[in-house]
Amino acid sequence: MKIVDFMSMGFKNLWRRKLRTILTAIGVAIGTFSIVIMLSLGIAMSESYKKQLSEWGNLTKIEISSWNYTYDEETGMGASQEQKLDDKLVANVKAIEHVRAVTPIIRVSANMKYGKYQSWIQVTGIDPETVQYFDFPEVASGEMISNDNPTGILFGKDSYHFYNPRGGGMYWGGNNNNSPVDLMEDNVKITFDQTYGDKTPKYLKLNVAGVLEECTNEIGYNAYAPLTQVIEWYKKYNEDYKKKKELKYESVWVSVDDTKYVKQVQDQIKAMGYGTYSMADDLNNVQKTSNTIQLVLGGIGAVSLLVSAIGIANTMIMSIYERTKEIGVMKVLGCVVTDIRKLFLFEASIIGFLGGGFGLAFSYGISYVLNKYAPQIGESLGIYSGYDISVIPVWLAVVALIFSVVIGVISGLYPAIKATKIKAIEAMRTEG
C-alpha cells in the first residue's frame, strides 16, 4: 500500500468517527495545555529572577577579594586565608580561558566643594579599556573616562549628594532636578587630602569627564577615574600607604565571555587561594529552586497528558472492534501486516498532533491573558511585578508538539499490534 493510500484511508476513518476523534483530541489538548502552561510558569519565574539579578549587577562579572573563606562540612569549622591582590594575579587571571577582561580596583576618598555646598565621594580606579565589559550605562553628558584624560572623573547618577553643612542637615541629591550644583557647568573644587586638624586641605578644580545615565545596579552609586591616576592620588594622600609604602588592590574585577563559564573560571581562581563572588552564584541557587518548581509543575501537567494517552489507546481499541471486518478485507486483498500497523499508528499520531496543536494554541492564549491581566490584579492587591508570569519559549512549543505526537504513537502501538493479529477468515465472518 502506498503511503498516500493509507494516509487517505486514515483521515477518512478518523472523519467517520469525528465525534470520538474530536473528544479524544480534546483530551490530548488538555494534557498538552496543562504541561505547557505549568512549565511556562516555572520558566517565567526563572527568567524574572535572572532579569532582576542582571539589573542588580553583571552576571558575567566575577569580583576577586583577598580573603578566601572555606567551610569544612565534616568538622563544622570555617577558616579564612588572606592573599595579596597584585599585578601577578591579574596576569594569571587574564590567561584563564573564557576571560575577556581583567582590571584591578582601588578607591580613594574625596571631598567636593561648591560655595557653601559639599559632597563626599569615593573615586574608583578602573582600567578604562575594560569599562565596556562591566555593564556601564551610557553617558548622559560628557564622555567616558580614558587614559587620554587621566584626571577626568566619571560620575554615576547617584554617586554624589551635595549638602549645606550649616543648613540643618538639608541634603541635596545629585540625582535631584533641584540640586544646587551642576557638575558639568559649575566651578566645583575637589580635594583628596583627608588630613584632619588645623591644616586646610588644598582644593583643585574638578575635572569632570562625564555623568552616567541613571541605572539600577551598583555602577550608578560610584565615581570612576583611570586606574593609573587613582593610584597616584592614593600614594600621595593615603596615610596607610605613606606609612607602609605598600599598594594593595581592594579587589579585582573579571569579565567572562559567557555566563555558563563563570563557575568554571571562579573555580580556577579559588584554586589559587582567592575568594570570589559573582551574581551567577545567586543565579545558580535560584536556578536550582526554579528547576525543582518546574519539575513539580511539569509532573502535575504530565498526569493530564497520561490520562489523554489512555484516551487515545481506548479510542483505537474501540476502532479495532468496529473495523474487524474491514481489517479482514484488507488482509484478503493482500495488505501486509506492516501496512495495517502503519495505518493505526498514523491515525493515533494524527490524534496526538491535532490535540497537541490545539493545546499549544490554547496555551499561548492563556499565557497572553495571564501576562496582560495578572499584573493588574497583582497591583490591586499591592503586589507588583514588571515581568511576565508565563513564558513559552519556541523550544517548549516544539517539544510539546513532538511529545504529543509521540504519546499518540505510543498509545496506538498496542491497538496496532492487536489489529495485525486478527485472522482474516474470522474477521470476514464478523457481522457489521
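For the numbers below, each heavy atom of this structure counts, side chains included, while hydrogens, waters and symmetry mates do not.
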Those residues at least two apart in sequence (or on a different chain) that pass ring-ring contact (aromatic ring centres under 6.0 Å, His included) with Tyr364 are none
Given the rule in the side chain to side chain contact (heavy atoms under 4.5 Å, CB included) test, do Lys205 and Asn187 qualify, once you have shown the distances and angles that lead to the verdict? CA-CA 7 Å; Lys205 185 180 184 305; Asn187 187 21; 3.6 Å; yes
Taken in chain and number order and not counting sequence neighbours, the residues that satisfy side chain to side chain donor-acceptor pair (under 3.5 Å) with Ser159 are none
Taken in chain and number order and not counting sequence neighbours, the residues that satisfy side chain to side chain contact (heavy atoms under 4.5 Å, CB included) with Asp186 are Tyr114, Val181, Asp182, Val188
Contacts of Gln118 meeting side chain to side chain donor-acceptor pair (under 3.5 Å) (sequence neighbours excluded), chain-then-number -> Asn111
Sorted by chain and residue number, the side chain to side chain donor-acceptor pair (under 3.5 Å) partners of Lys61 (sequence neighbours excluded) come out as Glu218
Residue pairs passing the ring pair (Phe, Tyr, Trp, His ring centres under 6.0 Å) test with at least one member in residues 199-228, sequence neighbours excluded, are Phe136-Tyr224
Correct closest heavy-atom pair for Val254 and Val99 would be CG1-CG1, 3.8 Å
Is there side-chain contact between Ile105 and Thr124, with heavy atoms separated by less than 4.5 Å?
-> yes
Let me check something: any side-chain donor-acceptor pairs from residues 141-156 under 3.5 Å, sequence neighbours excluded? List them with distances.
from, atom 1, to, atom 2, distance (Å)
Ser146, OG, Asp148, N, 3.4
Asn149, OD1, Asn207, ND2, 2.9
Thr151, OG1, Asn207, ND2, 2.8

Tyr249 meets the ring-ring contact (aromatic ring centres under 6.0 Å, His included) criterion, sequence neighbours left out, with none
Q: Return yes if some donor-acceptor pair links the side-chain N/O of Gln264 with the main-chain N/O of His98 below 3.5 Å, else return no.
A: no
With sequence neighbours left out, the residues meeting ring-ring contact (aromatic ring centres under 6.0 Å, His included) with Phe134 are Trp253
Side chain to side chain donor-acceptor pair (under 3.5 Å) filter on Ser349, not counting sequence neighbours, yields none
(Q) Whether the side chain of Thr130 engages the backbone of Ala101 through a donor-acceptor N/O pair (distance < 3.5 Å, no angle test) should be reported. (A) no
Can you tell me if Tyr237 has over 12 outside heavy atoms packed within less than 6.0 Å of its OH? yes
Salt bridge (charged side-chain N to carboxylate O under 4.0 Å, His left out) pairs touching residues 84-108, sequence neighbours excluded, are Lys84-Glu246, Arg107-Glu250
Worksheet item: Hey, is CZ on Phe358 packed in by over 12 heavy atoms from elsewhere, all under 6.0 Å?
Response: no
Asp193 meets the salt bridge (charged side-chain N to carboxylate O under 4.0 Å, His left out) criterion, sequence neighbours left out, with Lys199
